[in-house]
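Down below is the structure, laid out as structure tokens.
Throughout, protein chains are lettered first and strands after them, A, B, ... in sequence-line order, and every chain is numbered starting at 1. Excluded from the calculations below are hydrogen atoms, water molecules and symmetry mates; all remaining heavy atoms, backbone and side chain alike, are included. Everything quoted here is computed from the prediction, not taken from an experiment.
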There are 2 protein chains.
Amino acid sequence: MNSAQPGRHAVKTTDTAFDIVESLWELETASLGTLAERHGVAKSTVHRHLATLINRGYVVREGDEYRLSLKFLDIGQFTRTREEAYVLAKPKVRELAEKTDERAQFIVEENGRAVYVHMAAGDHAVTTNTYVGKHAPIHASAAGLAILAKMDEATVENVIERHGLPSYTEYTITTRDALYDELEAVRERGYSVNDQGHIRGLRAVGAPVCDRNDEVIGALSISGPTNRMQGEWFDDKLPALLCGSANELELNIAF
Amino acid sequence: MNSAQPGRHAVKTTDTAFDIVESLWELETASLGTLAERHGVAKSTVHRHLATLINRGYVVREGDEYRLSLKFLDIGQFTRTREEAYVLAKPKVRELAEKTDERAQFIVEENGRAVYVHMAAGDHAVTTNTYVGKHAPIHASAAGLAILAKMDEATVENVIERHGLPSYTEYTITTRDALYDELEAVRERGYSVNDQGHIRGLRAVGAPVCDRNDEVIGALSISGPTNRMQGEWFDDKLPALLCGSANELELNIAF
DNA sequence: GCTAAGCTTTTCGATATGCGGAACGGGTTG
DNA sequence: CAACCCGTTCCGCATATCGAAAAGCTTAGC
């Protein structure tokens, strides 16, 4: 999944270091030998790299097993709170989840993908395998569409170019034309809708959140099962609630 | 063993890569030139490293400024949810915060330090500069003392050796004897107390959380201002509530 | 209580590879 | 227009990284 380019200017050593990190991410825990075999490098190489990572506090050793340390949690939490807007979004997400009894989230764009920054679940919310920090396809989520609708065309083109429009269900938007039509609809409506574009049986509405310069920062969204997400509730009440929250958040951000 | 020998078998290139990562952590955002100057390396070197980090998705570029990406959030969240016990602790922390109206947290030990894994604040909770992911001195926190009390002496010695017993206020435990006395008291009491050992004006109680083999996993704690943390509430009610939660959590973990 | 097998750790020399410095291109400011 | 910032590229050299093999450790099996 390393869709990196030729890496003409890449530092190979750093690449192997992060190969190890990402293996530990995937495997949860692994022995030195396992890691060496996995990447086809000598055990001594892995050993040296693990020693370095341990010294720096990114990896901890438990017997003969290695795992990632909680330093990543520390740094990760930092990236989540650095932008004041992200912090302000948190209570809004909780509020939406409580009011609607569904799952609400605040999502931002990074590298052409959607990233879950905050998430809260009402009592009846569905449990999916989404989690804070998760990266998701931007064109197949309500929040993602809301963000795209606020971007200029060049940026959208860039995203399409980098990631394409992969299909997840028969409802996924997979063509450039369909996407642009949808984005136009979002701009008219003021909010976005995702009808099972990513996961079958899941509908969502999303609203962009912009700063005082009208630059999009992220988006709020609410998602739930199709059987509850329909009728007047889905068409009117929910969007109104969502847009209200997005608006309040924008005011908080702008002061 | 060789923990005090930094760099002996270290990979220098990886070190400079993480130097850059940690500079971005500290500076929030920086230009290529700034980073080069900061570490006394050539701009070309920094450029190559940044290119590698961007390729891998750990750094994003905004104009001529670089910052850490939300990939760290993704990995960090993973390290936080990998252990089932950590996940089970979350609702208990919230519950404690709501019941006591103070700040509650779940903390684990890593590399001889205390790390905040979950945190929740009641309506009247004090706001301090603690946050999820934060690393704190283990001997100067209630949860840390609770964890130390459950460790065997060799492990405790190891922790003291690595980090010492630095002082933060006039109440901090700073001698080996005082620490061992305190740990003994914790074992008798069944819970730990931290009276302004880290921050003046802040008291806390902590209770260890163990798995079915009686191995300590982490600790729950409740903290608040000295004016509320006193009398019968602090001496009896609060510890009872805390130990109850810790007990329930242990049962959940063991099934 | 011994050997064997699994693993990590260390050593060491060859060579690939990261490094620095200088030159380049492209904006922005005076 | 020139000076100055930024990032980017090129290239030769020294060195830090690599792999293979052998040396240490534990644990397991008999």
Side-chain angles (χ1 to χ4, degrees), chain A residues 2 4-24 27-56 58-69 111 154 158, chain B residues 1-24 27-69 111 152 154-155 158 213:
Chain A
N2 188 6
Q5 298 200 352
R8 216 160 88 66
H9 302 288
V11 181
K12 206 176 159 191
T13 308
T14 303
D15 267 326
T16 60
F18 278 107
D19 279 342
I20 291 172
V21 167
E22 287 174 18
S23 278
L24 291 174
L27 301 172
E28 305 209 351
T29 180
S31 71
L32 190 150
T34 310
L35 291 169
E37 195 181 359
R38 213 176 138 86
H39 296 108
V41 294
K43 280 190 289 185
S44 59
T45 305
V46 176
H47 176 258
R48 231 174 308 118
H49 273 100
L50 284 173
T52 310
L53 291 167
I54 290 171
N55 250 316
R56 286 227 157 230
Y58 291 94
V59 169
V60 295
R61 179 177 178 169
E62 280 172 348
D64 277 353
E65 292 283 298
Y66 301 87
R67 39 167 270 254
L68 296 181
S69 83
N111 282 324
N158 198 340
Chain B
M1 318 282 187
N2 54 351
S3 57
Q5 274 293 340
R8 177 94 173 66
H9 299 285
V11 180
K12 204 177 162 191
T13 309
T14 303
D15 266 326
T16 60
F18 278 107
D19 279 342
I20 291 172
V21 167
E22 288 173 18
S23 277
L24 290 175
L27 300 172
E28 304 209 351
T29 180
S31 70
L32 191 150
T34 310
L35 291 168
E37 195 181 0
R38 214 176 136 86
H39 296 108
V41 295
K43 279 194 299 179
S44 56
T45 305
V46 176
H47 176 258
R48 231 174 307 119
H49 274 101
L50 284 173
T52 311
L53 291 167
I54 290 171
N55 250 315
R56 287 224 155 232
Y58 290 94
V59 168
V60 295
R61 178 176 177 172
E62 279 173 346
D64 279 351
E65 293 284 299
Y66 301 86
R67 39 166 269 253
L68 296 181
S69 84
N111 283 323
D152 55 79
T155 316
N158 197 339
N213 304 319

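Between D:dT8, C:dT8, D:dC18, one nucleotide has an atom nearer to the side chain of A:H49 than all others, and that is D:dC18. Distance from the side chain of B:T45 is smallest for C:dG20 among the nucleotides C:dG20, D:dC18, C:dT8. Of the listed nucleotides (D:dA20, C:dC19, C:dT9), C:dT9 has the atom at the smallest distance from the side chain of A:Y66. Of the candidates D:dG7, C:dT8, D:dT17, the closest approach to any side-chain atom of B:V11 belongs to D:dT17. Considering only the side chain of B:R61, D:dT8 comes nearest among D:dG19, D:dT8, C:dT8.
Between B:L50 atom CG and B:N55 atom CG the span is 11.5 Å, to the nearest 0.5 Å. Here the CG-OG1 distance, from B:D15 to A:T13, works out to 11.5 Å after rounding to the nearest 0.5 Å.
As rounded to whole Å, 13 Å separates atom P of D:dA16 from atom CZ of A:R48. Following rounding to the nearest Å, A:D64 (CG) and C:dA5 (P) show an atom-to-atom distance of 19 Å. Atom pair B:H39:NE2 and C:dG20:C1' shows a separation of 17 Å (rounding to whole Å applied). In this structure, B:K43 atom NZ and D:dG7 atom P are separated by 7 Å, rounded to whole Å. Atoms CG (A:D15) and P (D:dC18) sit 11 Å apart, rounded to a whole Å. Residue A:L32 contributes atom CG, which lies 15 Å from atom C1' of D:dT26 at whole-angstrom precision. Atom P of nucleotide C:dT8 and atom CD1 of A:I54 are separated by 11 Å, given to the nearest angstrom. When the P atom of C:dT9 is taken as reference, atom CG of A:L50 falls 9 Å away, rounded to whole Å.
Under a cut-off of 6.0 angstrom, the local environment of CD in B:E37 is sparse, with at most 12 non-hydrogen atoms contributed by other residues, nucleotides or ligands.
Proximity of A:K12 to the phosphate of C:dT17: a side-chain N or O atom is located under 4.0 Å from OP1 or OP2. Contact annotation: A:H47 reaches the phosphate of C:dT9 (side-chain N/O to OP1 or OP2, under 4.0 Å).
B:L35 approaches B:S23 most closely through the heavy-atom pair CD2-CB, 3.6 Å.
Side-chain to base pairing of A:S44 with D:dG19: one donor and one acceptor N or O lie within less than 3.5 Å of each other. Below the 3.5 angstrom threshold, one finds no donor paired with an acceptor across the side chain of A:T13 and the base of D:dA16.
Contact check on B:D19 versus A:R56 returns a salt bridge, with a Lys/Arg side-chain nitrogen under 4.0 Å from an Asp/Glu carboxylate oxygen.
Mapping A:T14 and A:T34 onto DNA chain C by nearest heavy atom places A:T34 at the nucleotide closer to the 5' end. Sequence order on DNA chain C of the closest nucleotides to A:E65 and B:T16 puts A:E65 first from the 5' end.
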